[in-house]
Amino acid sequence: LVAPLEKSRDARTGCLKNVCLFLLSLSVLVPLGLVASAAVAGRPLTHQGMTQPLSGLNFALMRFARDISRAKARRRRFNQRYALVP
């Protein structure tokens with residue numbers, strides 16, 4: 001029989017190992033994917049050439065932030081709680 005404290009400690013250790021393994025694999029696979037993407041697309045293997053696919057994501061997030069700020073301004077201006085109409 002294993003005490004409940006021992007079980008929770010084992011579960012935490014296993015979870016911590018899984019999280020560390022995930023972060024390690026993510027930190028290795030993402031840069032390798034960016035390098036491979038640049039090489040296949042014929043872009044230069046410089047910082048700008050490898051991060052070019054992320055520029056679309058940056059643009060989308062900027063548009064999202066703009067839309068949120070417009071909704072907040074409209075709510076302040078017209079005192080409407082759920083005003084999402086531009």
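What's counted below: heavy atoms across the whole structure, side chains too, no hydrogens, waters or symmetry copies.
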Considering all heavy atoms, the nearest Pro31-Leu26 contact: CD-O, 4.0 Å

Nearest-0.5 Å distance that lies between atom OG in Ser55 and atom CE in Met62: 9.5 Å

side-chain hydrogen bond (donor to acceptor under 3.5 Å, both in side chains) against Ser37, all qualifying residues, sequence neighbours excluded: Arg43

Exam field: side chain Thr46 to backbone Gly49, donor-acceptor pair closer than 3.5 Å: yes

Distance, nearest 0.5 Å, that separates CG of Asp67 from NZ of Lys72: 13.0 Å

Point-to-point distance, once rounded to the nearest 0.5 Å, from CG of Asn18 to CG of Leu23: 11.0 Å

Beyond-backbone contact of Asn58 with Leu54, side-chain heavy atoms, under 4.5 angstrom: no

Arg66 atom CZ: more than 12 heavy-atom contacts under 6.0 Å: yes

Option among Val35, Val30, Leu34, Val28 that satisfies the side chain to side chain contact (heavy atoms under 4.5 Å, CB included) test with Leu32: Val28

